[in-house]
Each structure stands twice: as structure tokens, then as C-alpha cells.
Number of protein chains: 2
Amino acid sequence: MSKAAEILQDYGLRITPQRELIFRLLMGSKEHPTAEKIYQEVSEVFPSLSRNTVYKTLEALEAKGLVKRFNTGESADHYDANTAPHGHITCLKCRRVDDINGALSSIMDELDQKAESSSGYQVLSADLYFYGICPDCR
Amino acid sequence: MSKAAEILQDYGLRITPQRELIFRLLMGSKEHPTAEKIYQEVSEVFPSLSRNTVYKTLEALEAKGLVKRFNTGESADHYDANTAPHGHITCLKCRRVDDINGALSSIMDELDQKAESSSGYQVLSADLYFYGICPDCR
DNA sequence: TTGAATGCAAAATATTTGCATCTTC
DNA sequence: GAAGATGCAAATATTTTGCATTCAA
């Protein structure tokens, strides 16, 4: 059984070929694909795949916390199977989205605390989005 | 001439009653309304207002940097006339969105630098979104 | 008076829903 | 066998586009 399938099982999700491939693709990608991108890739393997299944699958994965959905200012949402807290950076020219892992973790706590004390909210999570120009576009 | 109208003029935007009211409403609001919310409020004053005008107006304001558009995970985008860098915090229960002003500014630079050196991007801006439970919902 | 703003209708995009069929457990 | 997943079609929600009319400068 694939790693993806194991995780699905651990989280009480049924293993179907479509679902496993969608999740596997997300786990193995650093590209934060949109639902449409996933649909296009997976439907090459399962030509009968419907977008509905992609959305339902992503919804199920999101509900279990296995993927995270986010938006960088474009129309379509992006999905990410990297569930460790991390930031994202979007290139304003080519629109690619990269992860910022680790580098920020030391400041995150401080950030959360300041947000909490200044807002009066109980802070549960934070999303950090950076915008700029990627190395390739410069 | 209203403050809002003055700013519109300064930025080379024509002053129309609809546009002025939309911008005035955004400047005077701490509620980060959606396009639909703005449409509903402004169409009470101008019953013939079309959504198109709201979107076009927001687009013009955004292009001049007078308002900022963002998304907190819901379907509709929010608009904010507070253009100074600041964070947002969304209540996961009631979905209200508050500003986090000032409190974070001291860390922002450090954050940008870490993002820049870890990603190789040239960082131009950052958006910080916090999620939690607001004082009223606790 | 001229270029931009408005309003209406229709289109485009992304996502969700209803439901019948099929599959996993 | 039952609960859940899939796929198709249609619906919804948000935003954009085309175009004729009106208005601000």
C-alpha cells in the first residue's frame, strides 16, 4: 500500500484509485496546484474523472487537515499537502507559489502572541503570504 | 468637497456620486466589506446602482492603491481602505474580520528579510492573516 | 465635447448540489 | 449490504465583459 493510501486509511478515509492519486499528487508536488490543475493531471490517468470528484476529494482531505486550501489573490484556490506551518511566497510576474519552510518558525510564536494581545482574539492559526519577484523572473 | 472626493481627485479618478459614496463607505468602515455588501449599502442611496459599477469602482480604487482586496477563505473577496501595512484576523465562528494595526510592524521587517533570504525572491509585500475566536464569540 | 463612468444583460469562472450508479469496507 | 465515492448535469456565486446611454471635467 502506498504511503498516501496508508495515510488515507489512518484518517478513516476510503481508498479509491482517484482519491489516492489526487492525494499522492499533492503530497509529491511543491507546486500548490489548483483544483483545475489537479483535474487535468488526474484525468489523464482516469479519463472519466469529474471535477466534482476532485472538489469532493479535496474537501474531504481538507476536513481531515491533510491538505490546506489557500488563495493568493487569483480567482482559483490553491491546495497544499504540506501541513506543517509555513509561509507562501507568490511571484507577481509568473504567479508561481513557493513554500517558505522553517525560516519563519522562530518568529511565528512571537507573531501570534502580538496578534493575540493586540486583538483580544484567541489565535488558533496564521497564514503568511509574501509577494515579490522570484529568482527566475529577475 | 469631501475628504474622499479630494483623494479621488488627487489620484486622477473622476468624482461621481456612486464612486464617492463607495470610497467614503470603505474609508469610514472597519468592517472590510465584500463587493456585495457594498452594493447593498450603496444601492439604498442610489437604487439604480449596478454591481458592475461596484466592481469597476473597486477595480479602479485598487489599481491606484487606494483599497486593497483580500480573501479570508470564504467565497467572496473583502475590501479594505486601510492601506498602511497591517494584519487581519478572522473569527472562525462569526467570520468577522478585524485589523491588527501597529502591533506587528516591528517584526515585519525581520519577517520580510527572513522570507527573502530563505526564498531567493525579492520581497515586495506581505500579508498576515490570523484565525481564531473573537472576544464576542468566546 | 470627449473620454470615462454607469447600468443592463449576458458571459465567464470557480465551486457546489442533486441524484443515480458504482465501489469500498 | 450499507455507507460512502463517483460522475453527470444542473445550479449557484462571484466576477467580468460588451455595449448603449449618461455624466464629469
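All values below were derived from every heavy atom in this structure, side-chain atoms included, with hydrogens, water molecules and symmetry-related copies excluded.
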Q) Roughly, in whole Å, what's the span from CZ in B:R69 to P in D:dT16? A) 5 Å

Q. Quick one: B:L49 CG to C:dG7 C1', roughly how many Å, whole number?
A. 9 Å

Q) Does a side-chain N-to-carboxylate-O contact under 4.0 Å join A:D80 and A:R69? A) no

**Q.** d(CD, B:Q18; C1', D:dA24) in whole Å
**A.** 11 Å

(Q) Please classify the nucleic acid contact of A:P47 as base, sugar-phosphate, or nothing, using heavy-atom distances under 4.0 Å. (A) nothing

Q. Which nucleotide in the set D:dG7, C:dC8, C:dT16 lies at the smallest distance from any side-chain heavy atom of A:Y55?
A. C:dT16

Q. When you check the phosphate oxygens OP1 and OP2 of C:dA5, does a side-chain N or O of B:R19 lie under 4.0 Å from one of them?
A. yes

Q: Would you tell me whether A:Q40 and A:E36 have side-chain atoms, one donor and one acceptor, within less than 3.5 Å of each other?
A: yes

Q) So, B:H88 and B:D127: side-chain donor and acceptor under 3.5 Å apart, yes or no? A) no

Q: Examine the base of D:dT15 for any acceptor or donor lying under 3.5 Å from a partner atom in the side chain of B:N52, and report the outcome as yes or no.
A: no

Q. If you check every side-chain atom of B:K56, which of C:dA14, D:dT17, D:dT15 has the closest atom?
A. D:dT17

Q: Would you tell me if any nitrogen or oxygen in the side chain of A:S48 comes within less than 4.0 Å of OP1 or OP2 on D:dG7?
A: yes

**Q.** Candidate nucleotides D:dA5, C:dT6, C:dT16, ranked by approach to the side chain of A:T16 - the nearest
**A.** D:dA5

Q.
Can you tell me if B:Q9 touches the phosphate of D:dA24, counting only side-chain N or O atoms and a distance under 4.0 Å to OP1 or OP2?
A. no

Q | Closest listed nucleotide, where the reference is the side chain of B:T53 and the choices are D:dT15, D:dG4, C:dT6 | A | C:dT6

Q: Give a yes/no on whether any side-chain N or O of A:T57 is located under 4.0 angstrom from OP1 or OP2 of D:dT6.
A: yes

Q: Rounded off to whole Å, could you give me the CG-to-C1' distance for the A:L58 and C:dT15 pair?
A: 11 Å

Q: Could you pick out which residue, B:P17 or B:H78, lies toward the 5' side of DNA chain D when each is mapped onto its nearest nucleotide?
A: B:H78

Q: Round to the nearest Å and state the distance from A:L13 atom CG to C:dT23 atom P.
A: 20 Å

**Q.** Atom-to-atom span, CG of B:N71 to P of C:dA14 - whole angstrom
**A.** 14 Å

Q) Going by distance alone, is a donor N or O of one side chain under 3.5 Å from an acceptor N or O of the other, for B:T57 and B:Q18? A) no

Q: Determine, for B:D136 against B:R96, whether the closest basic-nitrogen to carboxylate-oxygen distance falls under 4.0 angstrom.
A: yes

Q: Specify the separation, in whole Å, of atom CD of B:E59 and atom C1' of D:dT17.
A: 11 Å

**Q.** Closest listed nucleotide, where the reference is the side chain of A:D77 and the choices are C:dT15, C:dA5, D:dG7
**A.** C:dT15

Q: Let me know the distance between CZ of B:R14 and C1' of D:dA24, rounded to the nearest Å.
A: 5 Å

